[in-house]
Amino acid sequence: DEAVAATIDWIGKNGGWEQNLLIITADHDTGYLNNVKPTEANMLPTAQWGATGGGHGGHTNRLVDLYTMGVGSEMFDKLAKKQTDFERGEVTVVDNTDIFKVMKAAIPVVEK
């Protein structure tokens with residue numbers, strides 16, 4: 001939250017939303033609390049955070065959220081596709097490689 005707030009503050013001081021594109025996402029989901037084990041009274045239980053097993057190295061195949069705002073954010077509308085998610089049903093998704101394409105398109109070309 002603090003990183004996003006600082007970025008929004010920076011955008012406000014450096015051209016505003018007409019000159020900046022904010023993209024908030026993650027490269028992967030890491031899972032959930034698991035292996036929760038009780039401890040003695042007045043002590044937090046021990047637990048692990050993240051996926052275990054399955055050969056994903058602590059990553060899951062869950063979708064991650066994507067939030068955008070500012071100039072160029074409308075490009076994501078053209079790239080969005082409907083997909084059925086195993087947990088949430090029908091959702092709108094953007095392929096992670098398309099995020100790079102939008103970022104590249106949003107960067108102004110400076111002529112030398």
Side-chain angles (χ1 to χ4, degrees):
D1 289 346
E2 291 176 13
V4 172
T7 302
I8 291 171
D9 183 53
W10 184 93
I11 287 171
K13 296 173 182 173
N14 292 275
W17 297 109
E18 297 79 25
Q19 294 183 20
N20 292 283
L21 172 61
L22 176 62
I23 300 170
I24 303 169
T25 192
D27 63 340
H28 58 80
D29 177 82
T30 56
Y32 40 83
L33 282 175
N34 60 61
N35 294 327
V36 179
K37 297 180 182 155
T39 58
E40 59 191 72
N42 299 316
M43 298 293 294
L44 291 173
T46 61
Q48 293 177 329
W49 183 262
T52 59
H56 294 291
H59 300 185
T60 73
N61 63 350
R62 288 188 175 119
L63 298 173
V64 296
D65 292 322
L66 171 66
Y67 304 96
T68 67
M69 187 170 178
V71 67
S73 61
E74 69 283 350
M75 288 188 269
F76 286 105
D77 296 335
K78 297 174 186 167
L79 300 167
K81 301 171 184 114
K82 294 287 184 187
Q83 177 178 316
T84 301
D85 178 56
F86 67 93
E87 289 181 315
R88 297 181 263 185
E90 186 174 87
V91 294
T92 303
V93 299
V94 174
D95 187 272
N96 62 341
T97 59
D98 287 335
I99 295 171
F100 169 76
K101 292 172 189 172
V102 170
M103 291 168 61
K104 187 175 178 183
I107 297 173
V109 177
V110 178
E111 294 189 30
K112 295 180 182 182

Over 12 non-hydrogen atoms of neighbours within 6.0 angstrom of CZ in Phe86: yes
Evaluate the side chain to side chain donor-acceptor pair (under 3.5 Å) criterion for residues Thr92 and Lys82: first the C-alpha distance (whole Å), next the side-chain angles of each, then the deciding distance (0.1 Å), finally the verdict. CA-CA 5 Å; Thr92 303; Lys82 294 287 184 187; 3.0 Å; yes
Report whether Val64 and Ile99 are members of the same hydrophobic cluster (ILVMFWY, side-chain heavy atoms less than 4.5 Å apart, transitive linking). no
Would a distance-only check, ignoring hydrogens and angles, find a side-chain to backbone donor-acceptor pair under 3.5 Å from Thr68 to Ile23? no
Tell me whether Met75 is reachable from Met103 by hopping between hydrophobic residues (I, L, V, M, F, W, Y) whose side-chain heavy atoms are closer than 4.5 Å. yes
Is the side chain of Thr25 donor-acceptor paired with the backbone N or O of Asp65 at a distance under 3.5 Å, no angle test? yes
Is the shortest heavy-atom distance from the side chain of Leu21 to the side chain of Val102 under 4.5 Å? yes
Rounded distance [0.5 Å steps], OG1 in Thr7 versus CE in Met69: 13.0 Å
Grouping I, L, V, M, F, W and Y whenever their side-chain heavy atoms are under 4.5 Å apart, do Ile24 and Trp17 come out in a common cluster? yes
Give the C-alpha distance, both sets of side-chain angles, the deciding distance and a yes or no for side chain to side chain contact (heavy atoms under 4.5 Å, CB included) between Gln83 and Leu63. CA-CA 11 Å; Gln83 177 178 316; Leu63 298 173; 4.3 Å; yes
Are Ile8 and Tyr67 linked, directly or through intermediate hydrophobic residues, by side-chain heavy-atom contacts shorter than 4.5 Å (ILVMFWY only)? yes
Going only through I, L, V, M, F, W and Y residues with side-chain contacts under 4.5 Å, is there a path from Trp10 to Val4? yes
Quick check: closest heavy atoms across Val36 and Pro45, and the distance to 0.1 Å? CG1-CB, 4.0 Å
From Asn96 atom CG to Leu66 atom CG, the distance as rounded to the nearest 0.5 Å: 10.5 Å
